[in-house]
Number of protein chains: 2
Amino acid sequence: MSRQVSHPPTIHKDIGDLSIPAEIAESLCSCGGIEGLIRGIPPDEVFEEMQSWYQACADPVRLKILSLLVVRPLCVCVLKAVMKMADSKLSYHLNILKRAGMIEGKQQGQYIIYRITPKAQRFMEKELEQYESEKIRDGY
Amino acid sequence: MSRQVSHPPTIHKDIGDLSIPAEIAESLCSCGGIEGLIRGIPPDEVFEEMQSWYQACADPVRLKILSLLVVRPLCVCVLKAVMKMADSKLSYHLNILKRAGMIEGKQQGQYIIYRITPKAQRFMEKELEQYESEKIRDGY
DNA sequence: AAAACATTTCAATTATAATTGAAATATTTT
DNA sequence: AAAATATTTCAATTATAATTGAAATGTTTT
């Protein structure tokens, strides 16, 4: 598409059987090479655990439910009235939040009242706050 | 399964055409009913925006990449060596992080060096810190 | 105990995301 | 300019998640 501009050749180093740009080589050596990088990050289980949390957050319906429950516990019937969706759909999303440890439901007579867990409460407050501050910064 | 225990009947109130438990009715009235709840939460676009961020985080491969880039920029070839996966797979995940605004790549000669964006940096530091503190609390 | 209500579960479908290997692009080296 | 290297793109497949409507469950009211 655009005219080709030839870059100055990148100086690179060989570490083991790996050739890398000099810029990276420096910081890589100072941390123990590839092995050092691997040692420096959490074990895979941590990422698995994190992903299941974010997975649960990765849906606008569920985020909306959480933001409602941040303020006060609510029964399914009220959530349904706010969310305007089929029972089974709502129930599906509630179940995902529950399995992720973000909400808990307790039966109260014929109703079930859901409340957000302390961990999810902390998380949502932090996150919503950030989105609020972005809103202000961007002038909405 | 377990023996049925009959609950005391739940006192409930009718608000509009909605019947809800007394416990909820109180807090619901004080905030302006269903309409008040709806008014109290951010507009849908906020949840859409949040979901795309968490969606990008909702994968262990991508979280691992981010946690590597939190410490220092890296070229694809080093990431490949650490992640031990096919080029095309790695590239796919890098692209998702890029589209979500979590990383940026700049070509440096024949290499491409990826760095985490300031917003993602802040996010990951906060999140990893929390997982660290959980690790300590749980005694691992 | 039958009817009504709140909620969940299930099975079928539809939609979205991830993986794979091959081909394409860009850059550098020879 | 041909060969080599780094990385991306593409098309096909596979896997996972979301939606839907009907049926089931548990609770309360009549």
Side-chain angles (χ1 to χ4, degrees), chain A residues 1-14 17-22 24 51-52 54-62 65 74-81 83-100 103 105-114, chain B residues 1-14 17-22 24 51-52 54-62 65 74-81 83-100 103 105-114:
Chain A
M1 254 116 258
S2 65
R3 197 151 60 88
Q4 304 288 1
V5 178
S6 110
H7 293 266
T10 309
I11 298 146
H12 65 269
K13 284 204 167 180
D14 291 1
D17 55 353
L18 189 67
S19 170
I20 60 177
I24 301 296
Q51 94 76 218
S52 67
Y54 299 126
Q55 183 84 282
C57 294
D59 184 290
V61 168
R62 297 196 287 268
I65 293 172
L74 291 172
C75 56
V76 178
C77 50
V78 170
L79 284 170
K80 191 174 124 188
M83 303 296 298
K84 298 179 176 65
M85 59 175 59
D87 299 0
S88 63
K89 186 172 173 178
L90 178 56
S91 198
Y92 168 77
H93 288 292
L94 287 172
N95 189 245
I96 285 180
L97 291 170
K98 193 164 65 176
R99 281 190 337 233
I103 65 174
K106 83 166 192 293
Q107 185 119 17
Q108 194 79 304
Q110 67 189 320
Y111 305 100
I112 296 177
I113 295 176
Y114 279 96
Chain B
M1 253 121 258
S2 66
R3 195 151 61 86
Q4 304 288 2
V5 177
S6 108
H7 294 267
T10 308
I11 299 146
H12 64 270
K13 286 205 168 180
D14 291 1
D17 57 352
L18 189 66
S19 170
I20 60 176
I24 301 297
Q51 95 76 218
S52 69
Y54 298 127
Q55 182 86 286
C57 294
D59 183 290
V61 167
R62 296 196 288 266
I65 293 172
L74 290 172
C75 57
V76 178
C77 51
V78 170
L79 284 169
K80 190 174 127 187
M83 303 295 297
K84 299 179 176 68
M85 60 175 58
D87 298 0
S88 62
K89 187 173 172 178
L90 178 56
S91 197
Y92 167 78
H93 288 291
L94 287 172
N95 189 244
I96 285 179
L97 290 171
K98 193 164 62 175
R99 282 190 336 234
I103 65 174
K106 83 166 192 294
Q107 186 120 16
Q108 193 80 304
Q110 68 189 319
Y111 305 101
I112 295 176
I113 295 177
Y114 279 97

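Since this is a predicted model, take the numbers as computed values, not measurements. Every chain is numbered from 1 and lettered A, B, ... according to where its sequence line falls, protein lines coming before strand lines.
- Contact annotation: the side chain of B:V76 never approaches that of B:S91 to less than 4.5 Å [non-hydrogen atoms, C-beta and beyond].
- When the P atom of C:dT7 is taken as reference, atom CD1 of A:I113 falls 9 Å away, rounded to whole Å.
- Mapping B:S88 and A:V76 onto DNA chain C by nearest heavy atom places A:V76 closer to the 5' end of the strand.
- The structure places NE2 of A:H12 at 11.5 Å from SG of B:C75, a figure rounded to the nearest 0.5 Å.
- Atom CD1 of A:I96 and atom P of D:dA17 are 8 Å apart (whole Å).
- One can place CG of B:N95 at 14 Å from P of C:dT19, the figure rounded to the nearest angstrom.
- Counting only heavy atoms from C-beta on, A:Y92 has its side chain closest to D:dA17 among D:dT8, D:dA17, D:dT7.
- When the nucleotides C:dT7, C:dA6, D:dA17 are ranked by their closest atom to the side chain of A:Q55, D:dA17 comes out on top.
- Residue A:Q107 places no side-chain N or O under 4.0 Å from the OP1 or OP2 atom of C:dT7.
- Between the NZ atom of B:K89 and the P atom of D:dA15 there is a distance of 13 Å, rounded to whole Å.
- Nucleotide C:dC5 holds its C1' atom 5 Å from the CD atom of A:Q110, rounded to whole Å.
- Atom pair B:Y54:OH and C:dT16:P shows a separation of 22 Å (rounding to whole Å applied).
- Annotation: of the two residues near DNA chain D, B:D87 and A:Q108, the 5′-most nearest-nucleotide partner is B:D87.
- Between A:H93 and D:dA17 there is no side-chain N or O to OP1 or OP2 distance below 4.0 Å.
- Of the listed nucleotides (D:dT8, C:dT8, C:dT9), C:dT8 has the atom at the smallest distance from the side chain of A:I112.
- Nucleic acid contact class of A:L90 (heavy atoms, under 4.0 Å, all strands): none.
- Atom OH in A:Y114 sits about 4 Å away from atom P in C:dT8, given to the nearest Å.
- Side-chain atoms of B:Q107 never come within 3.5 Å of backbone atoms of B:I112 as a donor-acceptor pair (strictly under, hydrogens ignored).
- For A:R62 (side chain) and A:Q55 (main-chain N/O), a donor-acceptor pair under 3.5 Å exists by modelled atom type.
- The distance from atom CG of A:L79 to atom CD1 of B:I24, rounded to the nearest 0.5 Å, is 9.0 Å.
- Atom CE in A:M85 sits about 16 Å away from atom C1' in C:dT8, given to the nearest Å.
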